[in-house]
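What follows is a set of notes on a single structure, which appears directly below.
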Amino acid sequence: MATKENDQIIKENNCETKMGSPYVLEAFTSIFETGSISNKCCGKLVVLGKVCHSALVKRTLENPLFKDLTPTTIIAKSIQTWNNCLALIDSPSSSA
């Protein structure tokens, strides 16, 4: 059920085409593995939108390849990444 919902959200909002592959990979790495996300990638993530961000993370968690990951940890990291990017993009110094 959830997979269908996420797929529909992703399709309706063109989530997969809004960010270029290098940025998707960078965001993915910072959430599902360990790594930081660049300012430029943060900007792309914020433009992508929270709805797309959440749906993509949730859909990835449903993939059998990631069955060993703890969903609560990943969701927490995705929220943290989103909030960090939002704060970075909203701060006046980021436009310099």
Side-chain angles (χ1 to χ4, degrees):
M1 174 77 192
T3 305
K4 221 173 207 170
E5 264 175 46
N6 290 327
D7 282 344
Q8 190 174 351
I9 291 167
I10 291 163
K11 189 181 274 182
E12 285 175 2
N13 294 287
N14 296 317
C15 296
E16 291 175 318
T17 58
K18 283 185 183 174
M19 274 176 90
S21 295
Y23 301 113
V24 171
L25 191 61
E26 188 179 322
F28 178 91
T29 303
S30 79
I31 294 166
F32 288 87
E33 295 169 19
T34 52
S36 58
I37 187 165
S38 70
N39 293 6
K40 190 170 185 180
C41 187
C42 265
K44 300 279 187 186
L45 186 66
V46 171
V47 169
L48 175 72
K50 189 163 187 164
V51 170
C52 281
H53 174 65
S54 296
L56 289 165
V57 169
K58 288 173 185 167
R59 187 179 70 180
T60 305
L61 278 171
E62 290 162 359
N63 185 317
L65 287 172
F66 301 103
K67 68 182 187 316
D68 295 336
L69 297 177
T70 311
T72 49
T73 304
I74 297 301
I75 298 292
K77 279 179 85 174
S78 87
I79 292 167
Q80 183 183 9
T81 299
W82 173 262
N83 289 339
N84 289 350
C85 285
L86 208 53
L88 184 77
I89 300 311
D90 283 346
S91 72
S93 61
S94 66
S95 59

* Mind listing the closest non-hydrogen atom pair of Lys18 and Asn13 along with its distance? => CE-O, 3.0 Å

* Flag side-chain contact, heavy atom, 4.5 Å: Leu69 against Thr73 -> no

* Asked: Would a hydrophobic clustering, with Ile, Leu, Val, Met, Phe, Trp and Tyr connected at side-chain separations under 4.5 Å, put Val57 with Phe66?
  -> yes

* To do: Check the hydrophobic clustering (I, L, V, M, F, W, Y; side-chain heavy atoms under 4.5 Å; chains of links allowed) and say if Trp82 and Ile31 are grouped together.
  => no

* Using modelled atom types only, decide if a donor and an acceptor are shared between the side chain of Asn63 and the backbone of Leu65 within a distance under 3.5 Å. => yes

* To do: Give the minimum heavy-atom separation between Leu61 and Phe32, together with the two atoms involved.
  => CD2-CE2, 4.0 Å

* Asked: How long is the gap from CD1 on Ile79 to CG on Leu86, to the nearest 0.5 Å?
  -> 12.5 Å

* Any donor-acceptor pair under 3.5 Å linking the side chain of Lys77 with the backbone of Glu33? -> yes

* Structure fact -> So CD of Gln80 and CG of Asn83: to nearest 0.5 Å the spacing works out to 8.5 Å

Check: residues 41-56 side-chain donor-acceptor pairs under 3.5 Å, at least two apart:
unit_1	atom_1	unit_2	atom_2	d
His53	NE2	Ser78	O	3.0
Ser54	OG	Lys50	O	3.1

* Asked: Which value, rounded to the nearest 0.5 Å, describes the distance between Lys11 atom NZ and Lys4 atom NZ?
  -> 10.5 Å

* To do: Heavy atoms only: give me the nearest Asn6-Lys58 pair and the separation to one decimal.
  => ND2-CB, 3.3 Å

* To do: Tell me, please, which residues at least two apart from Ser36 pass side-chain contact (heavy atoms from CB on, under 4.5 Å).
  => none

* Structure fact -> Of all heavy-atom pairs linking Phe28 and Thr60, the shortest is CE1-CG2, 3.4 Å

* **Set of ring-ring contact (aromatic ring centres under 6.0 Å, His included) partners for Tyr23, sequence neighbours left out** => none

